[in-house]
**Q** 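Got a structure here, written out as structure tokens. Questions coming.
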Amino acid sequence: MRQNTVKRALVAFALALPGAAIATVVAAPAAHADGCYTWKRDLYQGRSGDDVRQLQIRVAGWAGRGGIVRIDGDFGPETTAAVKRFQTAYGLRSDGVAGRQTFTKLYQLQDNDCTPAHFSYRELDDGCGEGGWSGGPVSATDTKATAVRTMWKLEALRRGLGDKPLNVTSGFRDSNCNKQVGGASDSQHLYGNAADLTSGSRSLCEIARASRDHGFSGIYGPGYAGHDDHVHVDSRRENNRDTSTNRTSWAAPDCGVSR
Ligand SMILES: [Zn+2]
């Protein structure tokens, strides 16, 4: 978005200049969509590849009640349904085909560092204040990539809550940090696969209930031990390293959320 603003400013500037200067600016390469990823073809059911995988990461928060979108590079019915929900949520034609309109919206939502517009690496990195992505059970690279997937779901949740700010009070925790805060020994926070949330404008129960629609398979909130002051969300079903946690687990009894 920032690049577009700069480009618009340049064009406006050029219009005030003699013809030769205008030609120079107009002939410059079109602004790259963004610095993270650019799709080069329309995507729809049946297509596969890394471009599908990149799309899946960004629409996984539109999985629908209790669902997940597998990040597998194969555009199947789950992905079609998620793209449709994404399109509806942003006022686009809901046809389940990711084409120019859908990609343009994703570029608008995406920062050059691949994080969605309203969340940043700084908010999700090491929760005990040291920063960074190392010190967990998997590599820093994998942890950071998982945190990006978490952030795209948070972006969808935020949209689902009416574009109200969500605060992340704890994201990735390295092993020491996780012990320090009394986290579960197999906590999804260790993988960058979880976030603890509060909001100044939505109740914790509103967050917990809405989270069911945005691809989160672990949700804990008010009424569940230790979760009366935040809502924990994670994507345990996608984290296949530990099969004991590879299932949906929701508990926010004070909000009527259980599974
Ligand atoms: Zn948590």
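Read the numbers this way: they start at 1 and go in the same order the structure lists the ligands and their atoms.
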**Q** Can you tell me which residue among Thr146, Leu190, Asn193, Thr143 is in a side chain to side chain contact (heavy atoms under 4.5 Å, CB included) with Val138?
**A**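 Between Val138 and the candidates, side chain to side chain contact (heavy atoms under 4.5 Å, CB included) is satisfied uniquely by Thr143.
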**Q** Considering just N/O/S atoms, say which atom of His232 is closest to the Zn ion (ligand 1).
**A** ND1
**Q** Return the name of the atom in Asp196, of element N, O or S, nearest to the Zn ion (ligand 1).
**A** OD1
**Q** Can you hop from Leu157 to Ile71 via hydrophobic side chains spaced under 4.5 Å?
**A** yes
**Q** With heavy-atom distances below 4.5 Å as the criterion, would you say the side chains of Tyr220 and Ser249 are in contact?
**A** yes
**Q** Any idea how Tyr107 and Phe103 line up, ring-wise: parallel (<30°), tilted (30 to 60°), or perpendicular (>60°)?
**A**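 Tilted, since the angle between the ring planes falls between 30° and 60°.
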**Q** Please state whether the separation between the Zn ion (ligand 1) and some N/O/S atom of His227 is under 2.8 Å?
**A**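 So His227 does not bind the Zn ion (ligand 1) by this criterion.
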